[in-house]
Number of protein chains: 2
Amino acid sequence: MRMNEGVEWALHSCLNLTWMDPGRAVPAARLAAFYDLPAAYLNKQLQALARAGILTSTSGPRGGFRLARRPEEITLLDVVVAIEGAEDAFRCEQILKKGPGADPEADYRKICLISQSMRQAELAYRKELASRTIADLKADVERLYPATPGATRAWFANARP
Amino acid sequence: MRMNEGVEWALHSCLNLTWMDPGRAVPAARLAAFYDLPAAYLNKQLQALARAGILTSTSGPRGGFRLARRPEEITLLDVVVAIEGAEDAFRCEQILKKGPGADPEADYRKICLISQSMRQAELAYRKELASRTIADLKADVERLYPATPGATRAWFANARP
DNA sequence: GTCTGCATACTCGGATAAGAGCTGTCCGAGTAGCTTAGG
DNA sequence: CCTAAGCTACTCGGACAGCTCTTATCCGAGTATGCAGAC
C-alpha cells in the first residue's frame with residue numbers, strides 16, 4: 001500500500017504557492033525546478049489539482065498555476081483525494097457473497113463487520129487529514145522557520161533558469 | 001493507494017479459524033474453497049501471517065494453519081502489517097533536501113511539517129486498527145449473526161471437496 | 001503617436017512508453033498416516 | 001495379534017509468469033506577449 005509520490009510534491013507546491021503574490025501564476029517547470037523534480041510529471045499532478053478545483057491553470061506566456069481558493073479552504077485531504085482518487089484503500093470485494101449460505105441480495109460492504117472496521121479506520125485517517133489545512137501548514141512553517149517565506153519568494157522572483 | 005486484496009482474505013480466514021476446534025489445523029485449500037478463492041494465492045497470504053507469528057503452519061496430512069495465539073491477542077493492525085508490510089503509505093522522500101538553502105545533515109522526515117502531518121494521520125489509522133481484535137470481531141458476529149459460527153463449523157467439518 | 005494585425009514563444013493538456021508491484025500459478029521438500037509384511 | 005518398515009498422499013513453501021498501476025516523457029492546442037507596419 002504505497003501512496004502516490006505526487007502527493008508529497010503537490011503538498012509542497014501548494015505550500016509554496018501560498019507565498020506567491022496573489023494573481024501571479026507560477027509555471028509547473030518553475031515549481032519543479034525548486035525541488036529538482038521532473039517537470040512534466042509534476043505538471044501531471046498539478047493538472048489533477050486543477051481538475052479538483054484546488055488550483056487554476058493559465059496557458060501561454062506568464063501563465064502557470066495558482067491557488068484557486070484561500071489556503072484556509074484547502075485541506076490536506078483535498079490534495080490527497082485529488083491525486084489518489086476518492087476510493088478507499090481497502091476495497092471490500094464482498095467475498096462473503098461467495099460463501100455458503102450467503103444472501104445474494106445483501107450488500108456486504110455495509111453489513112460485513114470486517115468491512116465496517118476497515119472503513120472506520122480509514123475514516124479516522126481522513127478525518128485527521130481533513131482537520132489540517134494548507135493555511136495551518138503555512139502558519140506553522142512561518143512560526144518555526146521564519147526565513148522560509150522570504151527565501152522562497154525571493155527564489156521564485158529572481159531565479160531565471 | 002490500493003490495499004492488497006489479501007488483507008480481506010486474511011481477516012476473514014482468521015475469523016473463521018476462531019471457530020475451529022483448537023489444535024485442529026485447516027489447509028489453505030479448504031479455507032480458500034469456503035469463499036471460492038484461488039487456493040495457491042491465499043496460501044501465499046497465510047504464509048505471511050505465519051511468518052508474522054499470527055498463524056502456525058503444519059505440513060503433511062491433517063496439516064494446515066491454525067491461530068498461533070488467542071484471538072484477543074491478534075489486532076487488525078497485526079494482520080494488515082503482516083500482509084502489507086510495516087512501511088507507511090506516505091513515504092517522505094525529503095524533497096526539501098533538494099531545495100535551495102537545505103541542510104544536508106537534517107533529517108527532513110522528522111522536521112518537515114508536511115511529513116509530520118501525514119504521519120500523524122497514518123498514526124490515527126493504525127491506532128484505530130490496533131484497537132480492534134479478532135476476538136472483538138468474533139464476539140460481534142456471534143451477537144449479530146448467531147447462526148454463523150455453527151454453520152461455519154459444520155461446513156468445515158462436513159464438506160469434502 | 002496610436003492602433004491593428006501577425007508572428008512568436010510560452011504553457012498547459014492529454015496521449016504515449018518504460019518500470020515496479022500486485023495477482024496468480026506451479027512444482028518440489030517434508031511429513032503424517034496407511035499398508036503390508038514379518039515376528 | 002502386534003510391531004515396524006516402506007509407501008503413498010497430502011500440505012506447506014518458495015520460485016516462476018501475467019497483468020495492472022505508478023512513474024516518466026513527449027508533442028500538439030491554445031494563448032498572451034511583443035513587434036512591425038499602417039493610419
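Each chain gets a letter, A, B and so on, in the order the sequences are listed, and its residues count up from 1.
Taking the charged nitrogens against the carboxylate oxygens, D21(B) and R66(B) have no contact shorter than 4.0 Å, which rules out a salt bridge.
A search for salt bridge (Lys or Arg N to Asp or Glu O under 4.0 Å) contacts involving R109(B) returns D107(B), not counting sequence neighbours. When the side-chain hydrogen bond (donor to acceptor under 3.5 Å, both in side chains) test is applied to T18(B), no partner is found at least two apart in sequence or on another chain. Remark: E84(A) engages no residue in a salt bridge (Lys or Arg N to Asp or Glu O under 4.0 Å) (not counting sequence neighbours). Scored by the side-chain hydrogen bond (donor to acceptor under 3.5 Å, both in side chains) test, T152(B) finds no partners at all (sequence neighbours excluded). Scanning for salt bridge (Lys or Arg N to Asp or Glu O under 4.0 Å) contacts around E128(A) gives an empty result, with sequence neighbours left out.
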N/O donor to acceptor pairs below 3.5 angstrom from side-chain atoms of residues 87-104 of chain A, sequence neighbours left out:
from	atom 1	to	atom 2	distance (Å)
R91(A)	NH2	M3(B)	O	3.0
Q94(A)	OE1	Y108(A)	N	3.0
K97(A)	NZ	A106(A)	O	3.3
D103(A)	OD1	E105(A)	N	2.9

All N/O donor-acceptor pairs, side-chain side in residues 33-55 of chain B, below 3.5 Å, sequence neighbours left out:
from	atom 1	to	atom 2	distance (Å)
Y35(B)	OH	N16(B)	ND2	3.2
Y41(B)	OH	Q45(B)	NE2	3.3

Without placing hydrogens or testing angles, list every side-chain donor-acceptor pair under 3.5 Å for residues 73-81 of chain B, not counting sequence neighbours.
from	atom 1	to	atom 2	distance (Å)
T75(B)	OG1	L77(B)	N	3.3
T75(B)	OG1	D78(B)	N	3.0
T75(B)	OG1	D78(B)	OD1	3.4
T75(B)	OG1	D78(B)	OD2	3.1
D78(B)	OD2	R69(B)	NH2	3.2
D78(B)	OD2	T75(B)	N	3.0

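For the pair E5(B) CD and dC19(D) P, the interatomic distance rounds to 18 Å; values are reported in whole Å. In this structure, the OH atom of Y41(B) is 17 Å from the P atom of dG13(D), given to the nearest Å. Between the P atom of dT23(D) and the CG atom of L42(A) lies a distance of 13 Å, rounded to the nearest Å. The CG-C1' distance, from L37(A) to dT25(D), rounds to 15 Å in whole Å.
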With the criterion being N/O to N/O and under 3.5 Å, what pairs connect the protein with nucleotides 14-17 of chain D, and how long is each?
from	atom 1	to	atom 2	distance (Å)
dG14(D)	OP2	Q47(B)	OE1	3.4
dG14(D)	OP2	R51(B)	NH1	3.1

Within the sub-3.5 Å range, which N or O atoms of nucleotides 30-36 of chain D have a protein N or O partner, and how far apart are they?
from	atom 1	to	atom 2	distance (Å)
dG30(D)	N2	G60(A)	N	3.4

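Residue pairs meeting the salt bridge (Lys or Arg N to Asp or Glu O under 4.0 Å) criterion with at least one partner in residues 146-155 of chain A, sequence neighbours excluded, are absent.
Judged by closest nucleotide on DNA chain C, G64(A) is the one of G64(A) and N4(B) placed further toward the 5' end.
On the nucleic acid side, DNA chain C contacts chain B at distances under 4.0 Å to non-hydrogen atoms, with the end points of that region at dT23(C) to dG33(C).
A25(B) comes within 4.0 angstrom of nothing in the nucleic acid, heavy atoms only. Note on A29(B): nothing from the nucleic acid sits closer than 4.0 angstrom, heavy atoms only.
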